[in-house]
Amino acid sequence: MSTIGFIGGGNMAASLIGGLIDSGVSASDITVAEPDENRCQTLQTQFGIKTTTDNDMTLQNEVIILAVKPQLLKQVCQQLSMPQQDNPMFISIAAGVKSTDINRWLGEKQAIVRCMPNTPALLQCGASGMFANEFVSNTQRQLAEKIMSAVGITIWVDDEQQLNAVTAVSGSGPAYFFLMMEAMQQAGEVLGLDADVAKQLVLQTALGAARMAAESDSSAAELRQRVTSKGGTTEQAILSFQSAEYEKIVLDALRAANDRSISLADELGSD
């Protein structure tokens, strides 16, 4: 594994650092630039990595992970003192900022991988959509995949626009499931269950259903059909969902997220 620099030391950066160290990367090969000195000390104590408050100190690494808020990315990129040769590969995990804009802010012809992770990466159970621009070599592409695989699965897209759909499906996706769990818990209480009992049943059911879907060769539709007996209780619940156009509700919601991702990219990339 190459040496890795992080600009930004927030929760997602910490998750990646933890995953990388667990996967065998030496702490001495990781540097984090973070303006908050207390945060630097916390990361240094937790992981044994090198920390600095100077972003330029990360430029000596072969890979730089841009882990700052999207609204700060332009300023961070423009203020870097880019080397004249042997430029590093940049991996941006800033949501919504296009690679063409990052490339322009860094000074053109930079190897950039855009990555859209999601919050389960905090548990090393994430899903990351990835896109590489034309300056990323095959070796760098493999390296980027190895880095992001430290916190979950990675999926490459060939068209950067598809990252908007990735954002709608997996980037924002955990919140959809949290909303469903919240609604089911509330419904359980309305039906007479104790709040804690309803919570335990919903969480374990969600975990079990996800594991079944992940570990089965069958589609989600097939798994649903198997547990939906004709004339049974599950069928009645499914029919109620479908009478309210549940599938259309989900499609409309993801379209709204996708469209907002597109508009945010335009806003964040404007000069």
Side-chain angles (χ1 to χ4, degrees), residues 1-37 39-70 72-94 97 99 101-117 121 124 126 128 130-152 154 156:
M1 180 68 76
S2 303
T3 56
I4 303 170
F6 285 79
I7 298 181
N11 289 335
M12 193 62 74
S15 300
L16 274 168
I17 293 166
L20 288 167
I21 291 175
D22 286 346
S23 68
V25 176
S26 172
S28 63
D29 288 335
I30 299 175
T31 302
V32 176
E34 164 60 48
D36 186 332
E37 294 185 358
R39 183 62 179 163
C40 283
Q41 185 59 53
T42 297
L43 292 169
Q44 192 172 3
T45 301
Q46 183 176 2
F47 298 113
I49 59 174
K50 295 173 285 187
T51 61
T52 177
T53 57
D54 183 359
N55 290 343
D56 280 350
M57 292 299 291
T58 64
L59 293 174
Q60 60 190 307
N61 295 283
E62 295 158 272
V63 180
I64 297 174
I65 298 177
L66 300 169
V68 299
K69 293 180 179 180
L72 298 177
L73 188 55
K74 179 179 180 179
Q75 178 184 349
V76 167
C77 290
Q78 290 180 331
Q79 291 179 347
L80 289 175
S81 302
M82 294 297 295
Q84 295 301 308
Q85 57 186 3
D86 298 326
N87 286 1
M89 172 178 63
F90 290 89
I91 300 176
S92 171
I93 61 174
V97 186
S99 64
D101 294 319
I102 299 171
N103 186 41
R104 186 175 76 253
W105 299 334
L106 289 172
E108 305 292 349
K109 296 184 179 180
Q110 304 298 321
I112 297 168
V113 172
R114 265 193 68 194
C115 179
M116 183 65 229
Q124 297 180 25
S128 298
M130 303 176 70
F131 169 81
N133 74 356
E134 67 269 32
F135 303 109
V136 176
S137 68
N138 287 333
T139 299
Q140 288 175 322
R141 185 183 174 105
Q142 292 170 11
L143 179 57
E145 182 171 343
K146 186 174 182 180
I147 289 171
M148 296 309 302
S149 292
V151 291
T154 57
W156 287 97

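We're numbering straight along the sequence, starting at 1. Heavy atoms only: backbone and side chains are in, while hydrogens, waters and symmetry mates are out.
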Would you check if [X] and [Y] make a side-chain contact, meaning some heavy-atom pair closer than 4.5 Å?
X: M12; Y: P117; result: yes
X: P83; Y: N87; result: yes
X: T31; Y: T51; result: no
X: C40; Y: V32; result: no
X: V25; Y: S23; result: yes
X: T53; Y: E34; result: no
X: F6; Y: I30; result: yes

Interatomic spacing from [atom1] in [X] to [atom2] in [Y] - rounded to 0.5 Å:
X: I102; Y: Q78; atom1: CD1; atom2: CD; answer: 12.0 Å
X: L66; Y: L73; atom1: CG; atom2: CG; answer: 5.5 Å
X: I17; Y: I21; atom1: CD1; atom2: CD1; answer: 7.0 Å
X: F90; Y: T58; atom1: CZ; atom2: OG1; answer: 7.0 Å
X: R114; Y: S99; atom1: CZ; atom2: OG; answer: 7.0 Å
X: C77; Y: I112; atom1: SG; atom2: CD1; answer: 7.5 Å

Can any side-chain N or O of [X] pair as donor or acceptor with the backbone N or O of [Y] at less than 3.5 Å?
X: N61; Y: I64; result: no
X: R141; Y: V136; result: no
X: E62; Y: T3; result: yes
X: R39; Y: G9; result: yes
X: Q140; Y: S137; result: yes

>> Would D101 and K74 count as a side chain to side chain contact (heavy atoms under 4.5 Å, CB included) here? Give the steps.
In response: CA-CA 8 Å; D101 294 319; K74 179 179 180 179; over 6 Å; no
> Which atoms form the tightest heavy-atom contact between V68 and A94, and what is the distance?
Replying inline: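 In this case the closest contact between V68 and A94 is O-CB, 3.7 Å.
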> Do you know which two heavy atoms are closest between S128 and M148, and how far apart they sit?
Replying inline: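 Nearest pair, atom of S128 first, then M148: OG-CE, 3.7 Å.
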Residues in side-chain contact (heavy atoms from CB on, under 4.5 Å) contact with [X], at least two apart in sequence or another chain:
X: Q79; answer: Q75
X: N55; answer: I7, A33, V76, L80
X: Q41; answer: Q44, T45
X: E145; answer: S149, T154, W156

> Can you name the residues that form a side-chain hydrogen bond (donor to acceptor under 3.5 Å, both in side chains) with Q46, not counting sequence neighbours?
Replying inline: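 Residues passing side-chain hydrogen bond (donor to acceptor under 3.5 Å, both in side chains) with Q46: none at all.
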> If you look only at pairs with a residue in residues 41-58, which of them pass as a salt bridge (Lys or Arg N to Asp or Glu O under 4.0 Å), with sequence neighbours excluded?
Replying inline: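 Non-adjacent pairs meeting salt bridge (Lys or Arg N to Asp or Glu O under 4.0 Å): zero.
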>> Side chains of S28 and S26 only: does a donor on one sit below 3.5 Å from an acceptor on the other?
In response: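 Yes, because at least one side-chain N or O of S28 sits under 3.5 Å from a partner of the opposite role on S26.
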> Just checking, any donor-acceptor pair under 3.5 angstrom between side chains of Q110 and N103?
Replying inline: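 No, no side-chain donor-acceptor contact under 3.5 Å.
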> Just wondering, are more than 12 heavy atoms of other shown residues or ligands nearer than 6.0 Å to CD in E37?
Replying inline: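 Incorrect, the count does not exceed 12.
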